Amino acid sequence: MESIEKVEVRQLNIDDYEEMHKSLQEAYPNWQEDYWEKKDIRKLMRIFPEGQLAVVVDDVVVGSALSIIVKYELFGDDHTYEEIIGNYTFNTHNPKGNTLYGIDVFIRPEYRGMRFGRRLYDARKELCEQLNLRAIVFGGRIPNFHKYATEMSPKEYIQKVKYQEIDDPVLNFQLSNDFHVKKVLQGYMPGDKESKEYAVLLQWDNIYYQKISDKTGGYKSVVRLGLIQWQMRLYKDIDELFTQVEYFVDAVASYNGDFVLFPEYFNAPLMADYNHLSHAEAIRKLAEHTEEIRDRFMNLAITYNINIVSGSFPLVKDDKLYNTGYLCHRNGTYETYEKIHVTPDEIRTWGLSGGSAIEVFETDCGPVGVLICYDVEFPELSRILAQKGMNILFVPFLTDTQNGYSRVRYCARSRAIENECYVAIAGSVGNLPKVENMDIQFAQSVVFTPCDFSFPTTGIKAEATPNTEMILVADVDMDLLKELNNFGAVRNLKDRRTDLYSVCLNSEKVPVNTKKI
């Protein structure tokens with residue numbers, strides 16, 4: 001190795017990825033899994049840039065330390081690596097948490113023995129103190145344990161390493177950096193054959209930590225939802241329609257709401273001008289308003305500082321007609337969702353096509369998903385979203401009869417229980433005599449919860465009066481979901497037999513067996 005001129009520890013950036021990835025491969029030559037992709041590093045740098053560190057030698061990244069912040073009491077000492085990082089989604093990162101959790105540290109082999117790992121650990125400790133976090137915690141590998149697994153237990157192995165009777169390069173290093181052993185974790189990281197899938201839970205305590213009283217504010221785990229139970233009525237134009245829309249957005253925002261949810265096809269009254277056309281032609285004329293509606297919702301989201309789930313509208317794309325909606329963030333950005341399963345009537349009457357995007361959206365209140373009406377009756381879709389970390393499922397719907405409404409209601413209620421999430425449904429009410437195929441509507445908007453001790457016994461947080469125009473406002477607590485996942489009387493996500501079955505998208509190479517945290 002040539003002489004070294006400069007060494008520094010700094011924040012990792014995306015331009016470092018190729019060198020970092022090379023370091024990772026050299027650090028773990030016996031592992032076939034490639035855990036850190038560019039999108040993973042990009043997300044870590046976006047949600048917690050100061051926690052991603054690199055040791056740089058003469059402008060070359062030779063090692064890295066990656067970390068997130070967690071609310072540790074929601075996980076406890078019995079957890080797996082995938083649980084703590086939300087199965088590589090990092091949705092468990094909580095800027096208002098109390099513990100810095102180390103998710104990886106690695107150094108290129110040719111630079112080991114030069115105390116570069118210690119520099120990364122010291123930088124982590126300094127960060128922990130700066131952020132006033134109570135501790136650094138992580139699961140440490142014991143890569144030499146496979147040599148002794150037939151002779152002794154992990155506990156005996158750790159004791160012998162501690163008393164220098166056995167050499168373990170990772171555990172020796174961690175103990176020398178003032179980390180203390182809390183316990184042994186079994187099955188912590190599947191695929192770590194050298195450690196026999198065991199890990200040592202280690203902790204470094206920040207002696208300068210000052211507990212902040214809950215009375216001073218802190219993390220807002222409660223999210224306020226506003227559901228619009230929309231009355232169908234005729235409007236002379238889009239301006240009059242949005243006078244009513246803005247009234248509802250303003251009302252929910254005045255209660256410090258975080259989300260407002262509108263129903264499916266609530267803009268259908270604008271089709272009254274196209275009754276002289278066929279059904280298929282009329283819905284395509286309605287689709288001409290969709291981009292303007294999206295832009296107006298974006299302006300309202302910014303103006304009233306609230307996230308808006310816009311309901312859904314017809315949209316022509318590549319000459320095909322889709323049922324589409326928008327999640328308009330209060331920061332001025334938007335994301336698109338599509339109805340995957342269109343109903344037989346939507347196909348027969350309007351010629352709609354089903355979409356293909358199934359996504360979880362990151363928001364300032366955590367990860368959410370949206371399924372439009374009929375889609376909630378297919379449990380695979382919400383399970384995929386839950387596996388990807390969704391905490392709140394929004395369901396804009398339109399049903400004409402009580403039979404149709406009951407299908408949406410009871411399926412949505414099931415989705416909340418089986419996926420350990422909140423489900424908010426909002427629909428339209430009343431009659432629309434001058435619009436073909438939209439004569440009657442029935443709805444009762446509801447916020448559903450899981451069924452366990454911390455939630456309502458009925459699994460219903462709040463519900464609107466049936467068939468009456470109104471706003472339903474309800475608070476949902478995100479921390480309760482995490483507690484349920486780990487300590488519930490039953491744990492529908494954690495107890496799945498993924499060794500026997502799985503739910504995945506056909507586009508994915510392997511099943512998504514993510515555990516929601």
Side-chain angles (χ1 to χ4, degrees), residues 39-40 42-52 67-71 74 85-86 89-98 101 131 133 212 214 216-228 248-262 294-311 325-337 359-371 385-386 388-396 421-424 426 447 449 461 471 473-482 516-517:
K39 63 180 178 61
D40 300 323
R42 191 184 298 276
K43 182 170 183 179
L44 281 169
M45 290 190 300
R46 176 170 58 83
I47 64 175
F48 186 32
E50 58 268 47
Q52 318 318 318
S67 58
I68 58 176
I69 299 173
V70 298
K71 217 170 185 180
L74 298 178
I85 63 171
T89 66
F90 310 116
N91 292 330
T92 50
H93 173 70
N94 184 345
K96 300 297 182 181
N98 55 14
Y101 200 97
L131 298 178
L133 302 174
I212 300 174
D214 292 338
T216 62
Y219 174 59
K220 178 187 177 185
S221 64
V222 175
V223 177
R224 181 159 293 173
L225 311 180
L227 281 54
I228 308 305
F248 283 126
V249 172
D250 185 10
V252 177
S254 68
Y255 286 100
N256 298 314
D258 295 297
F259 288 93
V260 58
L261 170 63
F262 284 85
R294 177 200 64 203
D295 293 343
R296 288 187 181 223
F297 267 124
M298 287 174 60
N299 289 332
L300 291 176
I302 296 170
T303 302
Y304 290 97
N305 190 30
I306 193 168
N307 301 302
I308 300 175
V309 183
S310 70
Y326 305 97
L327 170 57
C328 299
H329 298 265
R330 47 186 157 199
N331 65 4
T333 61
Y334 76 90
E335 296 176 276
T336 305
Y337 51 86
E359 299 181 42
V360 169
F361 303 116
E362 293 292 334
T363 75
D364 54 11
C365 298
V368 306
V370 185
L371 295 178
L385 294 175
K388 292 178 180 292
M390 171 194 68
N391 287 327
I392 305 174
L393 176 62
F394 293 101
V395 182
C421 66
Y422 296 107
V423 179
V447 177
T449 75
K461 177 67 176 180
I471 301 172
V473 179
D475 288 347
V476 292
D477 191 329
M478 298 297 102
D479 286 346
L480 292 181
L481 296 181
K482 296 176 181 178
K516 189 171 80 70
I517 301 297

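If you're wondering where the values come from, they're calculated on a predicted model, not measured in any experiment.
The aromatic rings of Phe248 and Phe262 sit perpendicular, their planes meeting at an angle over 60°, well past the 30° parallel limit.
Going from atom CD1 of Ile47 over to atom CZ of Arg42 covers 14.0 Å, rounded to the nearest 0.5 Å. Summarising the geometry, atom CG belonging to Asp40 is positioned 11.0 Å from atom CE belonging to Met45; distances are rounded to the nearest 0.5 Å. Here the straight-line distance linking atom CD1 of Ile302 with atom CG of Asn331 works out to 8.0 Å at 0.5 Å rounding. Between the CG atom of Asn94 and the CG atom of Leu74 there is a distance of 8.0 Å, given to the nearest 0.5 Å. The distance from the CG atom of Leu327 to the OH atom of Tyr337 is 7.5 Å, given to the nearest 0.5 Å.
Asn391 and Leu481 make their closest contact through O-CD1, 3.5 Å (heavy atoms, listed as atom of the first residue, atom of the second, distance). The shortest heavy-atom contact between Val222 and Asp258 is O-OD2, 4.1 Å. Scanning all heavy atoms of the two residues, the minimum distance from Ile392 to Val223 falls at CD1-CG1, 4.2 Å. Closest of all the heavy-atom pairs between Ala301 and Cys328 is CB-O, 3.8 Å. Across all their heavy atoms, Leu385 and Gly369 have their closest contact at CD1-CA, 4.3 Å. Here the closest heavy-atom approach between residue Lys461 and residue Ala474 is recorded as CG-CB, 4.1 Å.
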- Item | Derivation and outcome, side chain to side chain contact (heavy atoms under 4.5 Å, CB included), residues Ile69 and Tyr101 | CA-CA 6 Å; Ile69 299 173; Tyr101 200 97; over 6 Å; no

- Message: Test side chain to side chain contact (heavy atoms under 4.5 Å, CB included) on Val252 and Ile306; report intermediate values, then the result.
- Response: CA-CA 9 Å; Val252 177; Ile306 193 168; 3.6 Å; yes

- Task: Please assess Val370 against Leu393 for the test side chain to side chain contact (heavy atoms under 4.5 Å, CB included), listing each intermediate value before the final yes or no.
- Result: CA-CA 6 Å; Val370 185; Leu393 176 62; 5.7 Å; no

- Evaluate side chain to side chain contact (heavy atoms under 4.5 Å, CB included) for Leu227 paired with Ile471, printing each intermediate quantity in order. CA-CA 6 Å; Leu227 281 54; Ile471 301 172; over 6 Å; no

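Glu359 is linked by a side chain to side chain contact (heavy atoms under 4.5 Å, CB included) to Ala357, Phe361, counting only residues two or more places apart in sequence or in another chain. Partners of Arg296 according to the side-chain hydrogen bond (donor to acceptor under 3.5 Å, both in side chains) rule, which considers only residues two or more places apart in sequence or in another chain, are Asp239, Glu292. Among residues two or more places apart in sequence or in another chain, the side-chain hydrogen bond (donor to acceptor under 3.5 Å, both in side chains) test is passed with Thr303 by none.
For the pair Arg224 (side chain) and Tyr255 (backbone), a donor-acceptor distance under 3.5 Å is present. Remark: the backbone N or O of Phe48 is not paired with any side-chain donor or acceptor of His93 at under 3.5 angstrom. Here the side chain of Asn91 pairs a donor or acceptor atom with the backbone of Lys388 at under 3.5 angstrom. The main-chain N or O of Tyr326 is never found under 3.5 Å from a side-chain atom of Thr336 such that the two would form a donor-acceptor pair.
Side-chain N/O atoms of Asp364 and Asn307 include a donor and acceptor closer than 3.5 Å. A side-chain N or O of Ser221 and one of Asp477 form a donor-acceptor pair less than 3.5 Å apart.
When side chains are defined from C-beta on, Leu225 does not count as touching Leu261, because their heavy atoms never get closer than 4.5 Å. Looking at Leu480 and Tyr422, their side chains come closer than 4.5 Å, going by heavy atoms from C-beta outward.
Within the cation-pi definition used here (under 6.0 Å to the ring centroid, within 45° of the axis), Arg330 does not qualify as a partner of Tyr304.
In this structure, Phe259 has its ring center closer than 6.0 angstrom to the ring center of Phe394.
Ile228 pairs in a side-chain contact (heavy atoms from CB on, under 4.5 Å) with only one of the listed residues (Val309, Val260, Ile308), which is Val260. The side chain to side chain donor-acceptor pair (under 3.5 Å) test with Glu362 is passed by exactly one of His329, Arg46, Lys43: Lys43.
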